[in-house]
Amino acid sequence: MTIAPDKITSPQLTIDGKSQSSDELLSVIDPSTGEAFIEVPAASLEQLDAAVEAANRAFATWSKKPLTERQEFIKTLGQVVRDNIDELGELVMREQGKPLGNAKGEIMASLRQVEVFGNITLDPEIIKDDETGRVEVRHDPIGVVGAITVWNYPFLAAMFKLVPGLVAGNTVIIKPSPYTPVSTLRLGELLQGVLPDGVLQVLAGGDELGRALVAHEGIHKISFTGSVPTGKAIMASAAPTLKRVTLELGGNDAGIVLEDADPDVIGADLFWAAFSNSGQVCAALKRLYVPADKVDAYAAAIAREAAKVVVGPGDQEGVTAGPVQNAAQLKQVQRLAQAAIDGGAEVVFEGEVPEGPGYWFPTTIVKGVSEGNALVDEEPFGPILPILTYTDLDEAIARANDTVYGLGASVWTSDPDAAIEVAERLEAGSVWVNQHPVVTATIPFGGVKQSGVGVEGSILGLKAYTNVRVVNIKR
Ligand code: NAD
């Protein structure tokens with residue numbers, strides 16, 4: 001049973017523990033219809049100021065609570081999310097477009113953040129303790145964190161930031177993507193009275209609100225997930241106040257299949273590496289390199305899995321993939337597909353999409369393109385995969401690395417030595433072997449080169465929400 005879109009009530013902003021509306025509204029589109037299904041308040045600059053003031057006020061007490069006490073709050077937060085998984089899943093499905101089961105899966109996956117950071121320790125590191133003295137390295141909260149998220153996993157991205165941010169002792173103001181603000185706003189409402197006022201605030205708004213958040217003097221760190229150009233703009237506008245930044249940006253991940261691999265064994269995994277969430281995954285497989293003499297076998301094996309996919313609205317029974325989330329992204333995917341065709345690519349698989357409105361793009365696999373073609377050089381962030389060929393492994397590695405991006409990469413082989421040898425030469429924040437991608441709360445994740453600054457996940461991701469304080473005692 002799903003909620004009819006016109007029955008969804010508009011969640012409000014959360015500022016200082018209370019709901020607030022706004023004079024300005026933001027229309028949110030259901031990507032499976034292309035029609036707005038809800039209007040939510042867009043925060044004004046005055047509301048941003050009020051949220052920053054409340055966050056700084058709340059920081060004074062939240063940051064002083066023992067870690068374990070903050071973790072109790074986080075566990076309650078997790079329980080609230082769990083208790084409301086059906087509603088939150090519906091909202092993610094409606095605003096993002098993904099099938100309902102996957103949307104609920106996104107909410108479930110976000111609870112890993114609670115499990116991991118709700119139980120983690122952050123003890124001082126003692127780097128010297130002898131008769132001459134003692135040196136402790138402590139990890140203090142930074143202050144108010146501005147968290148800015150994106151539309152592919154709206155709820156997961158929010159939880160990736162707010163859970164470790166709060167556990168570390170900061171207060172958090174989160175600004176979801178204007179395309180997908182609904183589930184994050186609803187989370188803010190659900191947590192009113194659960195977290196102390198001002199500890200977590202949710203402000204919906206467009207890019208201008210993001211810019212104001214980054215420039216605000218009362219905010220001390222920005223944690224951002226989104227595109228490379230926006231990441232660069234954020235780094236520049238964080239400079240005057242020397243805010244700490246964590247930037248999780250785009251990627252154009254390569255996967256290299258070695259000679260020994262078997263297309264029939266790995267074909268399905270290669271497909272899902274590229275096409276999960278309709279290809280709208282920062283670290284999806286976006287360029288696949290296979291041995292030239294096996295290109296047809298790989299194309300056929302991946303296409304076999306592609307043929308099982310049912311693209312359609314997320315609330316429809318049997319649907320396994322949704323639309324592209326927004327019109328601008330659809331245009332980008334269409335442009336890159338056209339560039340591939342114009343460059344002589346052969347379409348080895350093209351799936352079906354529903355008739356009528358909505359941001360539909362068929363599951364598409366092409367071969368016969370190479371570097372220099374926009375589909376290979378740029379990040380599509382949609383349901384299309386180019387299969388490239390190589391004859392020399394060194395050359396394949398060089399081509400995989402010949403990009404400004406460095407988010408993820410993968411090697412596919414049953415030879416563990418060869419896997420490590422290639423993995424060590426790929427320029428990426430994560431290199432996966434026989435899988436792509438794996439992103440979870442226990443493992444650091446971040447990009448090298450222009451794919452980002454810093455990591456999320458694990459103790460390293462938690463420490464990214466802290467300042468180091470050294471206490472150096474002479475005895
Ligand atoms: P985007 O950069 O346009 O927008 C992301 C967010 O930034 C939105 O909330 C937006 O309102 C805000 N924003 C825009 N301009 C801003 C500015 N100047 N200052 C502050 N905030 C601003 O992102 P997009 O292009 O819609 O998203 C797709 C990109 O995100 C892809 O490149 C994808 O790879 C990347 N992504 C990366 C990760 C990761 O973890 N590395 C995860 C998901 C998506």
Side-chain angles (χ1 to χ4, degrees), residues 26 28 31 42-43 48 95-96 106 146-161 173-182 184-185 202-216 219 222-239 243 245-253 276-286 324-333 336 359 378-382 403-408 428-430 437-441 443-457 461 464:
L26 199 60
V28 185
L48 171 63
E95 64 182 344
Q96 205 286 329
E106 177 175 337
I148 302 175
T149 57
V150 68
W151 44 261
N152 59 337
Y153 288 94
F155 195 83
L156 189 61
M159 291 282 278
F160 252 74
K161 299 186 185 313
I173 300 174
I174 188 151
K175 189 205 90 64
S177 165
Y179 293 116
T180 53
V182 187
T184 311
L185 284 169
V202 185
L203 303 180
D207 299 354
E208 341 65 66
L209 183 70
R211 277 190 282 274
L213 199 96
V214 176
H216 207 293
I219 293 180
I222 296 294
S223 177
F224 170 74
T225 300
S227 64
V228 171
T230 306
K232 291 178 182 175
I234 285 178
M235 203 160 176
S237 53
K243 284 185 183 67
V245 292
T246 297
L247 305 174
E248 295 290 352
L249 309 179
N252 196 10
D253 291 14
S276 260
N277 209 36
S278 298
Q280 301 163 116
V281 177
C282 51
L285 171 62
K286 290 169 185 153
V324 174
Q325 200 280 328
N326 60 73
Q329 194 62 40
L330 177 64
K331 225 164 136 194
Q332 158 86 343
V333 182
L336 296 181
Y359 304 139
E378 297 180 35
E379 179 192 29
F381 212 62
T403 167
V404 296
Y405 293 108
L407 195 55
S430 302
V438 181
V439 181
T440 176
I443 303 176
F445 174 73
V448 299
K449 294 157 82 177
Q450 293 189 21
S451 284
V453 173
V455 296
E456 293 189 303

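Ligands are counted one by one from 1 in listed order, and the atoms in each one are counted from 1 as well. For reference, positions follow the sequence shown, starting with 1.
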Of the listed options [options], closest to [atom] (non-hydrogen atoms):
{"atom": "atom 5 (C) of ligand 1", "options": "F445, F381, F224", "answer": "F224"}
{"atom": "atom 6 (C) of ligand 1", "options": "T149, V150, T230", "answer": "T149"}
{"atom": "atom 34 (O) of ligand 1", "options": "E248, E379, E456, K232", "answer": "E379"}

Report the part of [X] in contact with ligand 1, treating N, CA, C, O as backbone and CB onward as side chain, heavy atoms under 4.0 Å; options are side chain, backbone, both, neither.
{"X": "N152", "value": "side chain"}
{"X": "P178", "value": "side chain"}
{"X": "Y153", "value": "neither"}
{"X": "Q329", "value": "neither"}

Exercise. Counting from 1, what ligand 1 atoms have a heavy atom of S177 closer than 4.0 Å?
Worked result: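 Heavy-atom distances to S177 below 4.0 Å select 9 (O).
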Problem set entry | Which of the ligand 1 atoms, numbered from 1, are nearer than 4.0 Å to a heavy atom of I148 |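 Those atoms are 6 (C), 7 (O), 9 (O), 12 (C), 20 (C), 21 (N).
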Look only at interatomic distance and state if [X] has a nitrogen or oxygen under 3.5 Å from any nitrogen or oxygen of ligand 1.
{"X": "D207", "value": "yes"}
{"X": "I234", "value": "no"}
{"X": "W151", "value": "yes"}
{"X": "T225", "value": "no"}
{"X": "G226", "value": "yes"}
{"X": "S227", "value": "yes"}

For this session: Give a yes/no verdict on whether any heavy atom in G452 is under 4.0 Å from an atom of ligand 1.
Result: no
Exercise. Are Y179 and ligand 1 in contact, using a heavy-atom cut-off of under 4.0 Å?
Worked result: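 Heavy atoms of Y179 never come under 4.0 Å of ligand 1.
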For this session: May I ask you to check whether T225 and K161 show a side-chain donor-acceptor distance below 3.5 Å?
Result: yes
Report yes if the side chains of [X] and [Y] come closer than 4.5 Å at any heavy-atom pair, otherwise no.
{"X": "P178", "Y": "D207", "result": "yes"}
{"X": "V214", "Y": "I148", "result": "yes"}
{"X": "C282", "Y": "F445", "result": "yes"}
{"X": "L249", "Y": "Y405", "result": "no"}
{"X": "Q96", "Y": "Y153", "result": "no"}
{"X": "E248", "Y": "S223", "result": "no"}
{"X": "S278", "Y": "V324", "result": "no"}

Minimal non-hydrogen separation, [X] against [Y], with atom names:
{"X": "V28", "Y": "Y179", "answer": "CG1-O, 3.4 Å"}
{"X": "N252", "Y": "K286", "answer": "OD1-CB, 3.3 Å"}
{"X": "N152", "Y": "V281", "answer": "ND2-CA, 3.9 Å"}

Exercise. Can you name the residues that form a salt bridge (Lys or Arg N to Asp or Glu O under 4.0 Å) with K243, not counting sequence neighbours?
Worked result: none
Can you tell me the protein heavy atom closest to [atom] and the distance?
{"atom": "atom 41 (N) of ligand 1", "result": "L249 O, 2.7 Å"}
{"atom": "atom 39 (C) of ligand 1", "result": "C282 SG, 3.2 Å"}
{"atom": "atom 17 (C) of ligand 1", "result": "R211 CG, 3.6 Å"}
{"atom": "atom 21 (N) of ligand 1", "result": "G210 CA, 3.5 Å"}

For this session: Would you please name every residue forming a side chain to side chain contact (heavy atoms under 4.5 Å, CB included) with Q450, sequence neighbours left out?
Result: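 Result, side chain to side chain contact (heavy atoms under 4.5 Å, CB included) vs Q450: V228, K232, V404.
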